[in-house]
Each structure stands twice: as C-alpha cells, then as structure tokens.
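Working notes for the structure below.
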Amino acid sequence: LILDAGPANFYEQKRIRGAINMPLSLFDIVYMMTLRGEEKGKKVIVYGGTISKLYDLELANKLILRGHKDVRVLQGGMVAWEKEGYPVEKGKK
C-alpha cells in the first residue's frame, strides 16, 4: 500500500502509480474511507515530504499511532522513485 502524504494539488500533478493521496489536513476522513478495514500488519509505504514540510514523517507517525505495524517512509521520495525508473502518473486521475 503506497500513500502520498502531500497536498492534493501536488498529488494531482504527479504521483506514484497506484498511490492513495492522504493529505494531513484530511487524514481522519481519508483514513476512514480507505484504510479503516486494512490489516494493521500490511506494509505501508509513505512518501510526499518536501524541503519545507515533512508530510511523509507526520503521516507515518499518525499511522503508527493508529496501530499500523509496518509503516515505512520512502527514502528520497518521488525523486528517488523516478530515478530508479519506477512508474508515475501525471495529471488528474
């Protein structure tokens, strides 16, 4: 499960293919709609930090507080993902 922690406007511009946008400001609502029933042991990868705001770390901490056991932050974020040649989506879904 891959979660984009950045603001919705960043997500709409470019995202990891298949990622779910979970901006911090909407965490409770999006969590209830998408992750409430997920197994707490399922691996969750979070990305979306910026130079000025560590959205990814904050989201990872919120997930851990909700009982998720295997939460990881993607080191290097979207830049590292693209550098490795992994798929991204651009524009609105």
Side-chain angles (χ1 to χ4, degrees):
L1 184 61
I2 302 175
L3 301 178
D4 183 317
N9 60 326
F10 291 178
Y11 176 81
E12 290 171 0
Q13 291 174 21
K14 183 169 47 174
R15 64 198 157 271
I16 291 175
R17 185 181 300 153
I20 297 169
N21 187 220
M22 190 173 283
L24 293 173
S25 61
L26 300 173
F27 174 79
D28 290 322
I29 294 167
V30 177
Y31 184 88
M32 292 301 288
M33 292 172 46
T34 59
L35 296 182
R36 180 176 56 175
E38 288 289 333
E39 179 186 328
K40 301 288 184 177
K42 187 174 187 177
K43 184 187 298 183
V44 180
I45 298 171
V46 180
Y47 75 97
T50 65
I51 293 171
S52 62
K53 183 84 169 146
L54 300 177
Y55 298 108
D56 49 1
L57 294 177
E58 289 184 40
L59 179 58
N61 286 330
K62 284 182 173 275
L63 292 168
I64 290 167
L65 290 173
R66 290 276 175 118
H68 291 270
K69 308 281 186 236
D70 193 2
V71 179
R72 302 170 190 211
V73 174
L74 179 62
Q75 297 300 312
M78 177 67 78
V79 172
W81 184 267
E82 285 186 290
K83 186 176 179 181
E84 291 296 321
Y86 297 129
V88 297
E89 297 173 329
K90 295 181 180 183
K92 289 190 175 190
K93 261 191 163 180

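- The two atoms that bring Pro7 and Pro23 nearest to each other are CA-CB, 4.4 Å, heavy atoms only.
- The distance from atom NZ of Lys53 to atom CD of Glu58, rounded to the nearest 0.5 Å, is 3.5 Å.
- Ile2 and Val30 are members of different hydrophobic clusters when ILVMFWY side chains are connected at heavy-atom separations under 4.5 Å.
- Residues Lys40 and Arg66 approach most closely at NZ-O, 2.9 Å, considering heavy atoms.
- The structure places CG of Leu1 at 8.5 Å from CG of Leu63, a figure rounded to the nearest 0.5 Å.
- To the nearest 0.5 Å, the span separating CD on Glu39 from NZ on Lys69 amounts to 11.0 Å.
- Cluster annotation: Leu24 is connected to Tyr31 through the hydrophobic network of ILVMFWY side chains, with a link wherever side-chain heavy atoms come within less than 4.5 Å.
- Met78 and Ile16 get closest at one heavy-atom pair: CE-N, 3.5 Å.
- A donor-acceptor pair is defined here as one N or O able to donate and one able to accept, closer than 3.5 Å; such a pair exists between the side chain of Tyr11 and the backbone of Ala19.
- Side-chain contact between Leu54 and Val73 is absent, with no heavy atoms from C-beta onward closer than 4.5 Å.
- Hydrophobic clustering (side-chain heavy atoms under 4.5 Å, transitive across Ile, Leu, Val, Met, Phe, Trp, Tyr) keeps Ile20 apart from Tyr47.
- A chain of hydrophobic side-chain contacts below 4.5 Å, direct or via other Ile, Leu, Val, Met, Phe, Trp or Tyr residues, connects Ile64 to Leu35.
- The CD atom of Glu89 sits 14.5 Å away from atom CD of Gln13, with the distance rounded to the nearest 0.5 Å.
- In this structure, Glu12 and Asn21 have side chains that are not in contact, with every pair of non-hydrogen atoms separated by 4.5 Å or more.
- When all heavy atoms of Ala80 and Gln75 are compared, the pair lying nearest together is CB-O, 3.5 Å.
- Closest of all the heavy-atom pairs between Asp56 and Gly48 is CB-N, 3.9 Å.
- Judged by distance alone, with hydrogens and angles left aside, the side-chain atoms of Trp81 form a donor-acceptor pair with the main-chain N or O of Pro87 at under 3.5 Å.
- A salt bridge does not link Asp4 with Lys14: every distance from a Lys NZ or Arg NE/NH1/NH2 to an Asp or Glu carboxylate oxygen is 4.0 Å or more.
- In terms of hydrophobic clustering, with Ile, Leu, Val, Met, Phe, Trp and Tyr side chains grouped at heavy-atom distances under 4.5 Å, Leu3 and Phe10 are assigned to different clusters.
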